[in-house]
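Single-structure report; data block below.
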Amino acid sequence: MMCGAPSATQPATAETQAIADKVKSQLEEKENKKFPVFKALEFKSQLVAGKNYFIKVQVDEDDFVHIRVFESLPHENKPVALTSYQTSKGRHDELTYF
């Protein structure tokens with residue numbers, strides 16, 4: 001992976017789901033609602049001074065959100081953080097940088 005350039009879209013892994021799960025409550029607080037489903041489907045990553053993850057998450061049968069999560073460098077010892085998100089996405093909406 002080239003530093004600064006987002007990776008190609010890949011199927012979500014158990015690690016991706018774990019990252020999404022860590023920020024689920026942050027998104028629910030920002031949106032002021034609970035999501036009955038929170039399933040990571042695919043992701044891109046971007047190497048910066050840490051790592052950005054762009055994750056497509058299914059939050060209901062036909063409702064999706066795109067979330068951007070920042071994971072700091074290990075020595076900084078900080079939790080992952082929801083840095084941005086896009087709502088009202090569909091299953092076939094492309095995961096892009098935002």
Side-chain angles (χ1 to χ4, degrees):
M1 177 188 322
M2 179 185 294
C3 187
S7 68
T9 301
Q10 305 167 60
T13 63
E15 178 187 11
T16 311
Q17 183 65 55
I19 291 167
D21 289 342
K22 288 178 184 176
V23 299
K24 178 182 179 186
S25 63
Q26 294 174 45
L27 181 62
E28 288 176 333
E29 185 177 319
K30 289 179 183 292
E31 284 293 294
N32 197 30
K33 67 192 251 187
K34 297 287 184 190
F35 295 108
V37 176
F38 207 74
K39 181 180 177 186
L41 299 178
E42 60 187 27
F43 76 103
K44 291 183 177 193
S45 61
Q46 177 188 34
L47 191 58
V48 290
K51 192 179 276 189
N52 282 321
Y53 289 91
F54 301 87
I55 306 172
K56 180 186 290 187
V57 179
Q58 183 175 5
V59 294
D60 209 341
E61 188 173 330
D62 293 315
D63 195 14
F64 298 79
V65 295
H66 292 181
I67 59 174
R68 184 171 71 197
V69 178
F70 179 70
E71 180 180 57
S72 64
L73 295 171
H75 74 277
E76 293 178 325
N77 201 27
K78 294 181 181 176
V80 295
L82 177 69
T83 54
S84 189
Y85 65 95
Q86 298 175 329
T87 59
S88 302
K89 293 293 188 174
R91 179 177 298 277
H92 300 291
D93 287 339
E94 183 181 351
L95 191 57
T96 60
Y97 182 91
F98 59 94

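Throughout, residue positions are numbered sequentially from 1 according to the sequence presented.
Qualifying salt bridge (charged side-chain N to carboxylate O under 4.0 Å, His left out) partners for E42, counting only residues two or more places apart in sequence or in other chains: K56. By the salt bridge (charged side-chain N to carboxylate O under 4.0 Å, His left out) test, K34 is found to be paired with E28, residues two or more places apart in sequence or in another chain being considered.
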List, one per line, each side-chain donor-acceptor pair under 3.5 Å for residues 10-24, sequence neighbours excluded.
from : atom 1 : to  : atom 2 : distance (Å)
Q10  : NE2    : S7  : OG     : 3.4
T13  : OG1    : E15 : N      : 3.3
T13  : OG1    : T16 : N      : 3.1
T13  : OG1    : T16 : OG1    : 3.0
T16  : OG1    : T13 : N      : 3.3
Q17  : OE1    : A40 : N      : 2.7
Q17  : NE2    : D21 : OD1    : 2.8
Q17  : NE2    : F38 : O      : 2.8
K24  : NZ     : F35 : O      : 3.4

Could you tabulate the donor-acceptor pairs under 3.5 Å formed by side-chain atoms of residues 78-92, not counting sequence neighbours?
from : atom 1 : to  : atom 2 : distance (Å)
T83  : OG1    : R68 : O      : 3.2
T83  : OG1    : R68 : NE     : 3.1
Y85  : OH     : E31 : OE2    : 2.8

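Other members of the cluster containing Y97 are F54, L95, F98, with ILVMFWY side chains joined at under 4.5 Å, either directly or via other members. Hydrophobic clustering, defined by side-chain heavy atoms of Ile, Leu, Val, Met, Phe, Trp and Tyr closer than 4.5 Å, groups F64 together with L41.
Both Y53 and V65 belong to a common hydrophobic cluster when Ile, Leu, Val, Met, Phe, Trp and Tyr are linked at side-chain heavy-atom distances under 4.5 angstrom.
Partner of V57 under the side chain to side chain contact (heavy atoms under 4.5 Å, CB included) criterion, chosen from L27, D63, V37, I67: I67.
Other residues, nucleotides and ligands place more than 12 heavy atoms under 6.0 Å from the CD atom of E76.
To the nearest 0.5 Å, the span separating NZ on K44 from CD on E94 amounts to 5.5 Å.
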